[in-house]
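So the structure is just underneath, and the comments pick up after that.
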Amino acid sequence: MKKKRVSLLVSVLLVFSMLLSACGGGGTSSSGQSSAGSEGGDQTEAVSEAAGDSTDASAASTGEPKEGGVLKIGTGQSPTVIGYTPEINNNSFLQFLRTAFNSLCFYDEEGNLAPELAESWETDPDAATITFHLRSGVKFSDGTDFNAEAVKWNIEQYQSAGRTEVGSVASIDCPDENTVVINLEAWSSSALESIGFFVYYMSPTAFEENGGADWARFNAVGTGPFIMKSFEQGVGVTYEKNPNYWEEGKPYLDGVEFSIISEPTTLENALTAGEIDLISYASIDNLKNLEATGNFVRESNENGMGVETVGVIPNSDDESSPFYDAKVRQAFCYAIDADTIVDSLGYGYYTRTNQWAAPGAITYNEDVEGYPYNPDKAKELLAEAGYADGFDTVIYAAAGLENWATAIADQLTQVGIRTQVEMVDATKGNDFMANGWDGIYWHFASVSPDLGLYMGRHLDPNGAFYAKGIQHPQDCLDLLEAIRPAKDDETKVADELELQKLVYDKYALFGLPLYVNAIDAIKYPYVMDDNFTKYHCATWTPADCWLDK
């Protein structure tokens with residue numbers, strides 16, 4: 001349908017934002033951050049010096065990997081836990097996890113599961129078992145053995161922490177040091193990936209000898225290519241080379257340093273000054289400003305693993321909240337002109353979506369109608385729900401999402417959902433995702449094509465994200481439970497498509513999806529084989545990375 005005009009306030013806001021961006025300022029990021037951009041002429045000089053006067057950012061080294069050097073990464077992502085892996089459940093923190101830890105499986109370029117700590121595996125849907133065959137000779141960085149008992153112990157830690165990824169595990173057998181048999185309560189088509197990728201292995205010995213979870217939260221002892229040296233919340237994490245890493249000849253780097261820089265302008269300036277080598281989770285303003293120089297390489301995911309959507313989600317678990325009523329949630333969605341806002345503030349980096357999938361994905365349902373901008377329909381639904389006079393609420397926003405939140409709040413206010421913007425830090429935002437919120441928050445959702453696993457982490461009453469802030473309609477849960485044990489893709493996908501219709505068109509349960517996120521990294525061309533975002537949007541391959549300088 002033809003777009004209607006947004007209000008004068010929103011129009012002015014969006015024009016102002018675009019004017020700022022033309023000067024290198026304003027806007028928002030894929031990581032929920034804004035940037036004020038670069039400093040013009042001084043940038044090129046600093047970049048040329050830091051890059052060794054190389055201005056051909058597309059140039060690739062044809063030589064063999066070089067050993068040595070410390071990779072310096074700037075990121076706005078700030079973990080509160082660094083070593084107790086069951087409590088690290090935010091995808092943006094996988095970049096830290098993978099520096100010191102490994103999982104049983106990883107992904108290849110096509111998005112298929114690939115061996116890591118497990119050399120191979122077999123699944124038996126009829127017996128509801130998964131058998132992993134582990135690499136031999138692998139040790140944790142404290143010198144103790146990684147073996148079947150260590151796998152069992154770690155999975156049990158995840159179970160004790162209530163992680164839904166291992167919720168289907170009934171028992172674990174260890175017939176020998178290098179074989180693990182996972183017995184499931186019932187067959188789950190998501191179990192291989194959820195156990196294989198989302199469990200990261202820490203040393204049971206280090207955990208038990210140093211005070212348990214309280215110690216492990218701030219100390220990382222894994223099988224990964226690097227050993228954590230220091231961790232200061234909100235400041236940074238440093239790692240040194242693990243000399244006993246299981247991949248022969250790797251890692252190439254002597255160390256890795258993460259600098260946590262929440263302000264995107266400062267982050268961008270750190271890169272152009274040569275203080276860091278790479279920005280992970282780069283904001284769209286960072287990308288726009290830095291790509292224009294021709295001095296940096298942008299890294300983007302192409303296999304769809306870890307792709308994320310961003311939207312706005314009202315709380316619906318509280319019976320006293322107006323958003324408890326599905327009609328109010330639907331009115332909320334109709335009130336927002338998502339197309340105009342995303343076009344204006346996304347600079348063309350974002351793709352619109354109206355459901356838990358990227359357009360073209362196997363789980364994208366073309367029959368989902370969604371909520372095209374229709375403020376009159378929004379007012380009608382509010383009146384039917386008993387809110388003809390509207391109500392007051394709040395939308396929370398992290399740094400960089402203020403422009404988006406202001407535009408959305410203005411449009412909601414026009415239909416009677418009188419909305420104030422309140423800024424929160426990342427710690428508070430993570431708390432909302434884990435424990436619930438009042439009013440409206442941002443919905444970040446990994447939309448890889450397995451709704452039983454990825455949507456289940458939100459929709460399941462015991463889910464790791466957003467589950468305590470939303471309702472859990474029984475018909476949605478019934479479909480979720482039908483998807484998980486599906487033994488063939490045709491049946492599974494049919495149920496997933498039906499679930500999309502229920503969640504969005506019937507219940508507006510996750511509010512209004514806005515766009516498919518651009519989780520990109522940007523770096524100097526001398527940073528080689530880091531593979532940020534390549535195999536999974538939120539991860540990299542630290543063991544392979546080297547510096548061509």
Side-chain angles (χ1 to χ4, degrees), residues 1-38 76 264-265 268 281-292 298 300 307-313 332-355 358-359 370-378 395-415 417 419-423 440-444 511-520:
M1 83 184 259
K2 187 176 180 180
K3 295 179 187 172
K4 297 186 178 180
R5 293 179 57 196
V6 296
S7 71
L8 177 61
L9 175 58
V10 175
S11 299
V12 170
L13 173 67
L14 299 183
V15 170
F16 179 63
S17 172
M18 289 185 284
L19 287 173
L20 280 177
S21 70
C23 300
T28 187
S29 76
S30 61
S31 58
Q33 301 170 336
S34 65
S35 172
S38 60
T265 305
E268 184 176 316
Y281 274 73
S283 75
I284 55 172
D285 285 295
N286 289 155
L287 295 173
K288 177 173 61 68
N289 295 336
L290 294 169
E291 278 195 291
R298 175 185 173 192
S300 301
V307 170
E308 182 181 78
T309 60
V310 177
V312 279
I313 181 172
F332 162 85
C333 295
Y334 278 121
I336 300 169
D337 186 358
D339 288 345
T340 298
I341 291 174
V342 172
D343 286 348
S344 299
L345 292 179
Y347 308 136
Y349 282 95
Y350 296 145
T351 300
R352 278 280 291 121
T353 188
N354 64 0
Q355 58 192 277
Y371 299 91
Y373 181 51
N374 190 336
D376 292 335
K377 180 68 172 177
I395 182 171
Y396 300 97
L401 288 171
E402 186 172 8
N403 283 356
W404 294 73
T406 301
I408 289 168
D410 179 67
Q411 292 183 336
L412 291 172
T413 298
Q414 288 182 62
V415 302
I417 304 176
T419 307
Q420 297 295 317
V421 177
E422 183 175 327
M423 302 303 293
I440 305 160
Y441 191 53
W442 295 84
H443 188 220
F444 304 98
L512 183 68
L514 294 173
Y515 56 84
V516 179
N517 210 348
I519 302 179
D520 292 346

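Count residues from 1 along the sequence.
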With a 4.5 Å cut-off on side-chain heavy atoms, are [Y] and [X] touching?
| X | Y | value |
| --- | --- | --- |
| F332 | I440 | yes |
| L401 | Y396 | no |
| Y350 | V516 | no |
| L514 | W442 | yes |

key: Test side chain to side chain contact (heavy atoms under 4.5 Å, CB included) applied to L512 and I408, I336, N354, the passing residue   = I336
query = Within the distance-only criterion (no hydrogens, no angle test), does the side chain of Q411 pair as donor or acceptor with the backbone N or O of D337 below 3.5 angstrom?
reply = yes
If you take all heavy atoms of [X] and [Y], which pair is closest and at what distance?
| X | Y | value |
| --- | --- | --- |
| R352 | V342 | CD-CG2, 3.7 Å |
| D285 | E268 | O-OE1, 4.0 Å |
| A397 | A405 | CB-CB, 3.8 Å |
| V310 | E308 | CG2-OE1, 4.1 Å |

request  = Mind checking side chain to side chain donor-acceptor pair (under 3.5 Å) for S300 and listing every partner two or more places apart, or none if nothing turns up?
outcome  = R298, D520
Looking at [atom1] of [X] and [atom2] of [Y], how far apart are the two atoms once the value is rounded to the nearest 0.5 Å?
| X | Y | atom1 | atom2 | result |
| --- | --- | --- | --- | --- |
| Y515 | T309 | OH | OG1 | 9.5 Å |
| Y373 | T340 | OH | OG1 | 8.0 Å |
| I284 | L287 | CD1 | CG | 8.0 Å |
| N289 | S283 | CG | OG | 7.5 Å |

inquiry  = Tell me every residue that passes ring pair (Phe, Tyr, Trp, His ring centres under 6.0 Å) with Y349, counting only those two or more places apart in sequence or in another chain.
reply    = none
key: Residues in side chain to side chain contact (heavy atoms under 4.5 Å, CB included) contact with A378, at least two apart in sequence or another chain   = A331, Y334, A335, V415
key: Residues which pass side chain to side chain contact (heavy atoms under 4.5 Å, CB included) with A409, listed by chain and number, not counting sequence neighbours   =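 I395, T419, V421.
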